[in-house]
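Below you'll find the structure, written out as structure tokens, and then a few comments.
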Amino acid sequence: MLDQIHWLAAVTVLGALEQAYFFLQVIYARRLFGISPPKISGPPEFERIFRAQVNSSEYFPIFLAVLWQAGLFFHQGLAAALGLLYLYARYCYFMGYKASSSERLAPIYFSAGVLWILIAVSALGILHFFLSHYVGLNVLQLLTA
């Protein structure tokens with residue numbers, strides 16, 4: 001069983017480390033700009049870092065859910081590769097947003113595209129599972145025949 005999920009687990013750990021890095025960036029920015037919690041406003045430099053972290057955190061549960069569904073129901077290797085691509089795009093998004101609000105646009109669109117691909121792969125895998133197990137229709141067998 002573990003050989004079927006080890007890449008998904010590795011990408012999940014990398015994602016958790018990335019989230020921790022983003023959290024630490026907010027802590028450093030709070031110290032740099034003298035902004036104590038629970039305040040969330042301050043200089044634009046701080047607000048961009050804070051928003052980048054919050055935006056990334058908001059999408060993280062969606063990412064994890066579709067990463068694992070795609071890996072379990074479709075293909076672990078493809079899901080893990082897409083997961084790495086997503087994490088890289090999120091890192092570029094964070095660093096771009098940290099520099100300037102306009103620098104976040106290309107990476108956010110790219111990461112959203114990767115997320116939609118993961119959603120589609122998940123849905124296809126789950127649909128194939130239901131069709132083959134409950135209807136007795138193996139779509140893959142029909143395509144190769």
Side-chain angles (χ1 to χ4, degrees), residues 1-31 35 37-42 44-145:
M1 170 69 179
L2 292 180
D3 62 331
Q4 296 173 1
I5 61 169
H6 63 283
W7 290 115
L8 300 175
V11 172
T12 299
V13 170
L14 284 174
L17 290 172
E18 183 177 68
Q19 289 296 307
Y21 173 76
F22 295 161
F23 294 144
L24 288 174
Q25 291 299 301
V26 172
I27 291 170
Y28 297 145
R30 283 186 180 283
R31 290 179 183 158
I35 300 170
K39 291 195 327 189
I40 58 170
S41 61
E45 296 84 5
F46 168 76
E47 290 183 6
R48 287 195 310 267
I49 293 169
F50 181 79
R51 287 302 316 154
Q53 182 269 319
V54 169
N55 290 346
S56 295
S57 294
E58 290 169 346
Y59 278 89
F60 195 61
I62 298 167
F63 164 69
L64 286 179
V66 295
L67 170 74
W68 279 85
Q69 289 172 18
L72 293 174
F73 287 97
F74 195 84
H75 190 275
Q76 177 190 200
L78 177 63
L82 288 169
L84 289 174
L85 204 54
Y86 177 82
L87 293 177
Y88 176 71
R90 270 292 161 173
Y91 177 78
C92 292
Y93 163 78
F94 186 89
M95 299 311 283
Y97 206 170
K98 185 177 178 180
S100 162
S101 61
S102 63
E103 302 262 339
R104 78 190 195 288
L105 295 176
I108 193 67
Y109 294 143
F110 185 74
S111 68
V114 173
L115 196 60
W116 278 110
I117 293 169
L118 274 170
I119 290 169
V121 168
S122 298
L124 286 173
I126 292 168
L127 178 63
H128 176 262
F129 177 82
F130 280 127
L131 288 175
S132 63
H133 281 76
Y134 295 110
V135 180
L137 179 64
N138 190 333
V139 178
L140 295 178
Q141 220 172 26
L142 292 173
L143 291 176
T144 57

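Note that the structure is predicted; figures quoted are calculated from it, not measured. Sequence positions, counted from 1, serve as the residue numbers for this chain.
Atom OG of Ser100 sits about 10.5 Å away from atom CD of Glu45, to the nearest 0.5 Å. Note that CD of Gln25 is 13.5 Å distant from CZ of Arg30, once rounded to the nearest 0.5 Å. Atom OH of Tyr21 is separated from atom CD of Gln53 by 12.5 Å, given to the nearest 0.5 angstrom. Atom OH of Tyr109 and atom CG of Leu105 lie 5.0 Å apart (nearest 0.5 Å). Taken to the nearest 0.5 Å, the CH2 atom of Trp7 stands 14.0 Å off from the CG atom of Leu78.
The minimum heavy-atom distance linking Leu87 with Val11 is given by the pair CD1-O, 3.7 Å. Here the closest heavy-atom approach between residue Phe46 and residue Val26 is recorded as CE1-O, 4.3 Å. The nearest pair of heavy atoms linking Phe94 to Ala52 is CD1-CB, 3.5 Å. Pairing each heavy atom of Asn138 with each of His128, the nearest pair is OD1-NE2, 3.3 Å. Nearest heavy-atom pair across Leu8 and Leu67 is CD2-O, 3.7 Å.
With hydrogens and angles disregarded, no donor-acceptor distance shorter than 3.5 Å links the side chain of Glu103 to the backbone of Lys98. For Gln76 (side chain) and Gln4 (main-chain N/O), a donor-acceptor pair under 3.5 Å exists by modelled atom type. In terms of modelled atom types and a separation under 3.5 Å, the side chain of Glu47 and the main chain of Gly42 share a donor-acceptor contact. The closest donor-acceptor contact from the side chain of Arg51 to the backbone of Arg48 lies at 3.5 Å or more, if one exists at all. Side chain of Ser111 to backbone of Ile108: a donor-acceptor contact under 3.5 angstrom is found. For the pair Ser122 (side chain) and Gln69 (backbone), a donor-acceptor distance under 3.5 Å is absent.
Only one option out of Phe60, Tyr91, Phe63 pairs with Tyr86 in a ring pair (Phe, Tyr, Trp, His ring centres under 6.0 Å); it is Phe63.
Looking at heavy atoms from C-beta onward, Phe110 lies in side-chain contact with Leu85 at the 4.5 angstrom threshold.
Counting non-hydrogen atoms of neighbouring residues, nucleotides and ligands closer than 6.0 angstrom, the CZ atom of Phe73 exceeds 12 such neighbours. Within 6.0 Å of atom CD1 in Ile40, 12 or fewer heavy atoms from other residues, nucleotides or ligands are found, so the atom counts as exposed in its surroundings.
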Legend entry - From CA spacing to verdict: side chain to side chain donor-acceptor pair (under 3.5 Å), Ser57, Gln19: CA-CA 7 Å; Ser57 294; Gln19 289 296 307; 3.1 Å; yes
Inset, instruction - Could you walk me through whether Asn55 and Tyr97 pass side chain to side chain donor-acceptor pair (under 3.5 Å), step by step? - result: CA-CA 11 Å; Asn55 290 346; Tyr97 206 170; 4.9 Å; no
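Judged by the 6.0 Å distance and 45° axis criteria, Arg31 is not positioned over the aromatic ring of Tyr28.
Partners of Ile117 according to the side-chain contact (heavy atoms from CB on, under 4.5 Å) rule, which considers only residues two or more places apart in sequence or in another chain, are Leu82, Val121.
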